[in-house]
Amino acid sequence: MRLGLFGGTFNPIHVGHLRAAVEVREAFNLDKLLLIPSANPPHKSADQVVDAEDRLKMVRLAIKGVPSFEVSDVELARHGPSYTIETLRYFQDQYDLGSEIHFIVGQDAFSEITTWKSYKALFSTAHFIVMTRPGSKLSSIEHFIHTHISEAYQYDPVLKRYTHPEWCTVFCVDITHIDVSASEIRDRIRHGRHIRFLVPDTVEAFIVEKGLYS
Ligand code: ATP
């Protein structure tokens with residue numbers, strides 16, 4: 001089983017997340033892609049983030065009918081801050097040893113990984129897929145990996161991946177970056193502007209029905 005785990009606040013989920021997930025699943029031939037809303041994101045202030053149950057529901061609506069996509073509520077079941085290391089260990093226990101677990105993350109989030117709990121341990125727990133923008137400088141990722149993660153990572157330019165003698169692999173993949181963010185969407189709603197086509201119609205209807213972000 002080739003598994004992809006895509007974590008995020010998804011406050012709300014939008015077309016940038018969804019298109020990225022589709023492209024990564026295709027590029028890495030993943031059997032299953034799990035979207036994992038963070039219950040209590042350690043790095044986002046709580047007043048900006050709507051209820052985790054609502055964010056989970058929006059993810060569920062967004063991926064309804066998309067083959068191989070599923071949503072996981074594992075972080076909602078835990079108390080306290082939602083740490084990725086705990087989520088990765090959970091999935092490591094759930095799946096057999098032959099499974100390959102890939103954690104999917106945007107380059108912006110990856111560049112802040114040193115602030116995540118036990119961040120070095122993440123790299124011995126799951127492979128990483130770092131989503132880059134076409135034309136973005138891979139040399140800055142290389143410098144970051146060598147400075148903050150391990151000097152033993154070696155770049156393979158053909159396969160665009162960093163391999164390590166003991167730890168998991170860090171893959172880089174160019175995706176179509178749709179320049180939209182959840183904060184911009186929340187901002188639009190607050191100012192009474194349309195969010196049509198920035199989120200799936202079903203998600204937009206849910207936001208309106210619940211009066212979220214206004
Ligand atoms: P906010 O604007 O509230 O900070 P966000 O839109 O960046 O939110 P998150 O839920 O924080 O969304 O991001 C989850 C993951 O999705 C991160 O790994 C992030 O890098 C990635 N991501 C966010 N926006 C995009 C986008 N437009 N295209 C591709 N990946 C994205």
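Since we're looking at a predicted model, the values are computed, not measured. Just so you know, ligand 1 is whichever comes first in the structure, and atom 1 is the first atom listed for that ligand.
- Numbered from 1 in the order shown, with element, the atoms of ligand 1 that lie under 4.0 Å from a heavy atom of G7 read 14 (C), 15 (C).
- Among protein heavy atoms, atom 26 (C) of ligand 1 sits closest to H177 CE1, 3.6 Å.
- Ligand 1 has no nitrogen or oxygen under 3.5 angstrom from a nitrogen or oxygen of N11.
- For the 3.5 Å distance criterion, the side chains of T132 and D174 qualify, holding a donor opposite an acceptor.
- Residues Y213 and D187 have side chains that never bring a donor and an acceptor to within less than 3.5 angstrom of each other.
- Using a 3.5 Å distance cut-off with no hydrogens or angles, the side chains of E23 and T176 do pair a donor with an acceptor.
- Of all atoms in ligand 1, numbered sequentially from 1 with element shown, those under 4.0 Å from a heavy atom of G106 are 18 (O), 20 (O).
- Within the 6.0 Å centre-distance limit, the rings of H17 and F10 are counted as a close aromatic pair.
- The shortest N or O to N or O distance between E184 and ligand 1 is not below 3.5 Å.
- Ligand-side atoms of ligand 1 in range of R186: 3 (O), range being under 4.0 angstrom from any heavy atom.
- Side-chain contact of S124 with E166: a donor-acceptor pair under 3.5 Å is absent, judged by distance alone.
- Inspection of the S150 and H164 side chains reveals an N or O donor paired with an N or O acceptor under 3.5 Å.
- With hydrogens and angles disregarded, no donor-acceptor distance shorter than 3.5 Å links the side chain of R25 to the backbone of A20.
- At least one N/O-N/O distance between A182 and ligand 1 falls below 3.5 Å.
- When heavy-atom distances to ligand 1 are checked against a 4.0 Å cut-off, F6 comes that close only through its side chain, counted from C-beta outward.
- Residues F144 and F110 bring their aromatic ring centres within 6.0 Å.
- For ligand 1, the polar-atom distance check finds an N/O of F10 within less than 3.5 Å of one of the ligand's N/O atoms.
- When only interatomic distances are considered, the shortest N/O to N/O separation between T9 and ligand 1 falls below 3.5 Å.
- Put simply, the side chain of R19 never gets that close to the backbone of I178: no donor and acceptor are under 3.5 Å apart.
- Among all heavy-atom pairs drawn from K120 and H148, the shortest one is CE-O, 3.2 Å.
- Counting protein heavy atoms only, atom 2 (O) of ligand 1 is closest to S183 OG, 2.4 Å.
- A salt bridge links E184 with R188: the closest approach of a Lys/Arg side-chain nitrogen to an acidic carboxylate oxygen falls below 4.0 angstrom.
- Shortest contact from atom 24 (N) of ligand 1 to any protein heavy atom: H14 CE1, 3.6 Å.
- Protein heavy atoms are found less than 4.0 angstrom from atom 11 (O) of ligand 1.
- Atom numbering of ligand 1 starts at 1 in the shown order; those under 4.0 Å from a heavy atom of V105 are 18 (O).
- For atom 22 (N) of ligand 1, the closest non-hydrogen atom of the protein is H17 CD2, 3.8 Å.
- From the protein, the heavy atom lying nearest to atom 4 (O) of ligand 1 is K44 NZ, 2.8 Å.
- Listed by number with element, the atoms of ligand 1 under 4.0 angstrom from any heavy atom of G8 are 10 (O), 14 (C).
- Contact atoms of ligand 1 toward S181: 2 (O), 6 (O) (distance under 4.0 Å to a heavy atom of the residue).
- Remark: distances from the non-hydrogen atoms of S38 to ligand 1 are all 4.0 Å or more.
- A donor-acceptor distance shorter than 3.5 angstrom exists from the side chain of R55 to the backbone of V50, with no hydrogens or angles considered.
- Proximity to G16 (heavy-atom distance under 4.0 Å) selects the following atoms of ligand 1: 26 (C), 27 (N), 28 (N), 29 (C).
- Considering backbone and side-chain N/O atoms, V180 comes within less than 3.5 Å of an N/O atom of ligand 1.
- In the vicinity of D108, heavy-atom distances shorter than 4.0 Å reach the ligand 1 atoms 19 (C), 20 (O).
- In terms of protein heavy-atom proximity, atom 27 (N) of ligand 1 is nearest to I178 O, 2.8 Å.
- For atom 30 (N) of ligand 1, the closest non-hydrogen atom on the protein side is M131 CE, 3.9 Å.
- Note: F171 and F128 fail the aromatic proximity criterion, with ring centroids not under 6.0 Å apart.
- Closest non-hydrogen pair, R133 versus Q107, comes out as N-OE1, 4.2 Å.
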